Amino acid sequence: MTPEKQLSIIIPSYNEQDNIHRTFHRIHTVLQEKGIPFEIIFVDDGSKDATYLRIQELSSKYPEAKGISFSRNFGKESAIFAGLEAASGACCLIMDCDLQHPPAVIPDMYRLWEEGYEVVEGVKSSRGKENPFHTLCAKSFYHIISKATGIDMSKASDFKLLDRKAVEALLILPERTPFFRALSSWVGFKTATLPFEVEERTIGTSKWSVWSLTKYAIRNITSFSGAPMQLVTLLGWIMFGALIILGIQSLYRYFSGTAQEGFTTVILLQLLIGSALMISLGIIGHYISRIYDEIKARPRYIISKRCGC
Ligand code: UDP
Ligand code: MG
């Protein structure tokens with residue numbers, strides 16, 4: 001094995017017991033055929049099924065298979081960062097365990113890295129099959145995050161290959177709640193993109209519910225952008241505009257002797273001001289809780305078991 005050419009593949013896995021063997025063998029076949037030296041690090045994100053057992057089975061048979069197991073579910077981003085920390089390769093590739101990121105594309109990504117690209121991003125040529133509500137939410141989320149980062153994220157995925165330099169740059173970032181997909185672009189470096197078709201998940205189910213996706217979106221938008229806080233200022237100015245217009249109207253009525261029936265205006269204004277204040281406080285509160293989380297500086301994850309690494 002030539003470590004200076006080695007590819008480390010990081011696979012966050014949560015309740016994927018039926019996918020571990022299948023995914024490993026698919027990647028193994030593709031990479032061996034192309035003669036690419038590799039290791040595969042499965043990061044068991046606190047699974048409740050036999051995921052880690054399956055990883056151990058592989059690790060005892062194949063030196064390329066390695067595993068880390070978290071003490072509980074810490075989330076995919078934490079699993080990605082744990083994998084990056086454990087990886088020893090000259091470049092690292094992140095992919096899903098359910099084969100929605102096609103292994104057949106890996107050699108092409110590796111070739112681009114050999115040609116000198118330091119970040120190779122897999123971009124979705126289509127979003128695969130998902131319900132229209134999910135597509136709409138994803139589109140809105142990526143619209144906001146693209147505006148915040150100045151990078152078009154609408155087709156971004158976690159399927160990425162990173163040179164050691166980019167990995168080191170990511171690992172020194174002290175954030176507790178990193179958003180991998182955006183940070184890997186934020187670090188810069190010479191980047192190439194490679195389109196891929198999202199495969200259907202054939203085994204197991206998606207780990208995302210509408211609620212968990214909403215939390216994920218809010219967390220990542222606030223971790224990357226202060227724009228929602230600006231919304232508070234914007235709301236303030238809009239209210240100020242309304243105040244001037246209504247103020248002029250009220251004064252006009254007062255002086256022309258037609259004042260009195262302002263009841264509707266008062267109620268509407270009260271509701272408007274009340275809701276604007278509450279929304280604003282909510283946004284500020286969310287950022288304060290994020291600061292609180294970062295200040296506590298707890299580790300991103302806790303490892304309970306390891307095999308092969
Ligand atoms: N995953 C994880 N921790 C979690 C949720 C998901 O490590 O808390 C992993 C999961 O095992 C899979 C990848 O992240 O390898 C993508 O998850 P999933 O297929 O459920 O997401 P989707 O493809 O539906 O976006
Ligand atoms: Mg999936």
Side-chain angles (χ1 to χ4, degrees), residues 9-27 40-55 58 65-87 92-103 105-106 122-139 141-142 145 153-160 176-182 184 196-217 219-220 300-305:
I9 298 181
I10 294 143
I11 309 186
S13 316
Y14 180 52
N15 294 343
E16 303 278 8
Q17 58 180 13
D18 299 324
N19 276 321
I20 301 287
H21 280 264
R22 197 172 69 114
T23 303
F24 177 80
H25 290 296
R26 277 278 296 276
I27 301 171
I40 301 183
I41 305 172
F42 288 97
V43 185
D44 165 26
D45 186 11
S47 302
K48 292 175 182 67
D49 63 3
T51 299
Y52 189 63
L53 210 68
R54 298 285 108 82
I55 300 171
L58 280 178
K66 298 167 185 188
I68 294 172
S69 178
F70 285 173
S71 60
R72 65 166 171 86
N73 181 244
F74 277 91
K76 186 179 177 186
E77 314 289 312
S78 297
I80 293 175
F81 276 82
L84 289 175
E85 239 153 77
C92 296
L93 180 128
I94 289 88
M95 67 186 287
D96 285 358
C97 195
D98 53 10
L99 290 175
Q100 287 196 285
H101 298 155
V105 181
I106 302 175
V123 291
K124 299 172 185 171
S125 44
S126 73
R127 292 193 55 90
K129 274 202 188 125
E130 58 183 16
N131 72 50
F133 178 69
H134 190 136
T135 310
L136 179 76
C137 291
K139 275 204 176 140
F141 168 62
Y142 283 116
I145 203 87
M153 300 266 308
S154 58
K155 296 188 176 69
S157 72
D158 287 333
F159 190 30
K160 289 185 185 201
R176 295 299 105 197
T177 49
F179 178 32
F180 175 73
R181 206 170 291 193
S184 52
F196 73 94
E197 281 290 333
V198 179
E199 304 273 322
E200 282 266 354
R201 181 191 256 275
T202 49
I203 296 179
T205 51
S206 172
K207 309 295 177 291
W208 299 99
S209 62
V210 172
W211 175 235
S212 63
L213 273 174
T214 311
K215 279 200 302 189
Y216 179 79
R219 206 193 69 186
N220 288 326
R300 287 179 188 138
Y301 52 83
I302 297 169
I303 295 175
S304 76
K305 286 169 268 185

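The shown structure was predicted, so the numbers you read here are calculated from the model rather than taken from an experiment. Note that ligands are numbered from 1 as they come in the structure, with each ligand's atoms numbered from 1 the same way.
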Please determine if Lys305 and Asp44 form a salt bridge, counting it only when a charged side-chain N lies under 4.0 Å from a carboxylate O.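 No salt bridge links Lys305 with Asp44.
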Whether His101 and Phe196 hold their rings parallel, tilted or perpendicular, with breakpoints at 30° and 60°: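 Plane angle over 60°, so perpendicular.
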Give a yes or no answer on whether the side chain of Thr23 reaches the backbone of Cys97 with a donor-acceptor pair at less than 3.5 Å.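 Flag set: sc Thr23 to bb Cys97 pair under 3.5 Å.
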Is the backbone of Gln17 close enough, under 3.5 Å, to the side chain of Thr51 for a donor and an acceptor to pair up by distance?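 Checking the backbone N and O of Gln17 against the side chain of Thr51, a donor-acceptor pair under 3.5 Å is found.
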Atom nearest to the Mg ion (ligand 2) - Asp98, N, O or S atoms considered: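 The closest N, O or S atom of Asp98 to the Mg ion (ligand 2) is OD2.
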Over-ring placement of Arg22 relative to Phe24, 6.0 Å and 45° cut-offs: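 Here Arg22 fails the 6.0 Å and 45° test against Phe24.
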Counting only heavy atoms and a distance below 4.0 Å, can you name the residues contacting ligand 1?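 Ligand 1 pocket, heavy atoms under 4.0 Å: Pro12, Ser13, Tyr14, Glu16, Asp45, Asn73, Gly75, Lys76, Asp96, Cys97, Asp98, Gln100, Arg201, Ser206, Lys207, Trp208.
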Between Arg72 and Phe70, does a side-chain contact (heavy atoms from CB on, under 4.5 Å) hold up when you go through it step by step? CA-CA 5 Å; Arg72 65 166 171 86; Phe70 285 173; over 6 Å; no
